[in-house]
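As C-alpha cells, the structure follows; a few thoughts come after it.
FYI, side chains are in, hydrogens and waters are out, and symmetry mates aren't considered; it's all heavy atoms of this structure.
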Amino acid sequence: YNKNIHNEGRISGGKFYGQVKNQMSGQITGGEFWDEVTNLIMEGGSGLTPGFQQTCKITNGTFNAQVINHTTISGGNFNALVTNKGTITGGTFQGNVTNSTDKTISNAVFYKEVENNGTIEASKFMKNASVSANDPVTVIHCVDGADREMTYGGNILSALNRGQSDTIWFNGSTQVG
C-alpha cells in the first residue's frame, strides 16, 4: 500500500509504504512498514464517551521506519528509531530507542543506543547496545546456556552462588579462563 493508512481494525500482513496511524483499538499483528507508524491512544470526545480510552496494540510486524508508541507494543522487529510514550513488553530493537519519563520497557532485546528516562526490566542488551540516562533495573544474561534475569550492575558470580574458580569464561566461542 502506497498511501497513508488510518487503521481502526487489524493489519495482519502486507507491505506499507505510507504512514500508518493505528487508532480506535486498531491492532497490528504483522506486515512490513516502510514509513512512520504511530500507535495512538484515543480518549473521550470525537464520538467517544468522556473518560473512555481505546488503546491500540502492536504485537508483531517488521518496522523499517520510526515508530511512535503511545499505548502498547508486545512484539515485532524494529529497525529504526522507536519512541516509547506507553508500554513495551517485548520486541527486538535494531534501531535506537527513546523510553520517555515514567514509561516501562520489559522483555525486549536491544542492539543499539537506548535513552532510558523511564524503567527497563528483564531485557537483553546485545554486544553493541548501550544505555544512557537511567540504568535498567534488571537485565538478561546467558548463563550455562540459559537466560537468567539479574540485577543490572550486580555481581554475576555472587548472584549465581559461584566463585571465580568454579567458572569457565568465554569471549564469544573462545574459552579464556
Option among T38, V97, I58 that satisfies the side chain to side chain contact (heavy atoms under 4.5 Å, CB included) test with V67: I58
Beyond-backbone contact of M126 with V109, side-chain heavy atoms, under 4.5 angstrom: yes
Backbone of Y17 reached by a side-chain donor or acceptor of N2 within 3.5 Å: no
Within 6.0 angstrom of Y1 OH, more than 12 heavy atoms from elsewhere: no
Intermediate values then yes/no, side-chain contact (heavy atoms from CB on, under 4.5 Å), I88 and F93: CA-CA 11 Å; I88 296 175; F93 299 87; 3.8 Å; yes
Spatial distance of atom CG (N64) from atom CD (E36) [nearest 0.5 Å]: 14.0 Å
From T87 atom OG1 to K57 atom NZ, the distance as rounded to the nearest 0.5 Å: 11.0 Å
Co-membership, hydrophobic cluster, residues I68 and F33, 4.5 Å side-chain: no
For F78, the option from F63, F110, Y111 that meets ring-ring contact (aromatic ring centres under 6.0 Å, His included): F63
From OG1 (T98) to CD (E115), nearest 0.5 Å: 4.5 Å
4.5 Å side-chain heavy-atom contact, N77 and Q94: no
Nearest atoms (heavy-atom pairs only) where S132 meets E113: OG-OE2, 2.9 Å
Student check: side-chain heavy atoms of K103 and N69 closer than 4.5 Å: no
Nearest atoms (heavy-atom pairs only) where N4 meets Q19: OD1-N, 2.9 Å
Atom pair CG (N7) and NZ (K21), whose distance is rounded to the nearest 0.5 Å: 12.5 Å
T62 vs N79 side-chain heavy atoms within contact, under 4.5 Å: yes
V82-W34 co-clustered via ILVMFWY side chain contacts under 4.5 Å: no
Pair T89-S106, side-chain contact (heavy atoms from CB on, under 4.5 Å): steps then yes or no: CA-CA 5 Å; T89 60; S106 62; 4.2 Å; yes
Exercise: identify the closest heavy-atom pair between Q27 and N22: N-OD1, 3.5 Å
Separation of Q66 CD from D35 CG (nearest 0.5 Å): 10.0 Å
Pair T101-N117, side-chain hydrogen bond (donor to acceptor under 3.5 Å, both in side chains): steps then yes or no: CA-CA 5 Å; T101 303; N117 297 300; 5.3 Å; no
Nearest atoms (heavy-atom pairs only) where I28 meets V20: CD1-CG1, 4.4 Å
Considering all heavy atoms, the nearest A65-A80 contact: C-CB, 3.5 Å
Close side-chain approach of V37 to F16, heavy-atom, < 4.5 Å: no
Flag for N116-N134: side-chain donor and acceptor within less than 3.5 Å: no
Approximate separation, where rounding is to 0.5 Å, of N84 CG and T72 OG1: 9.0 Å
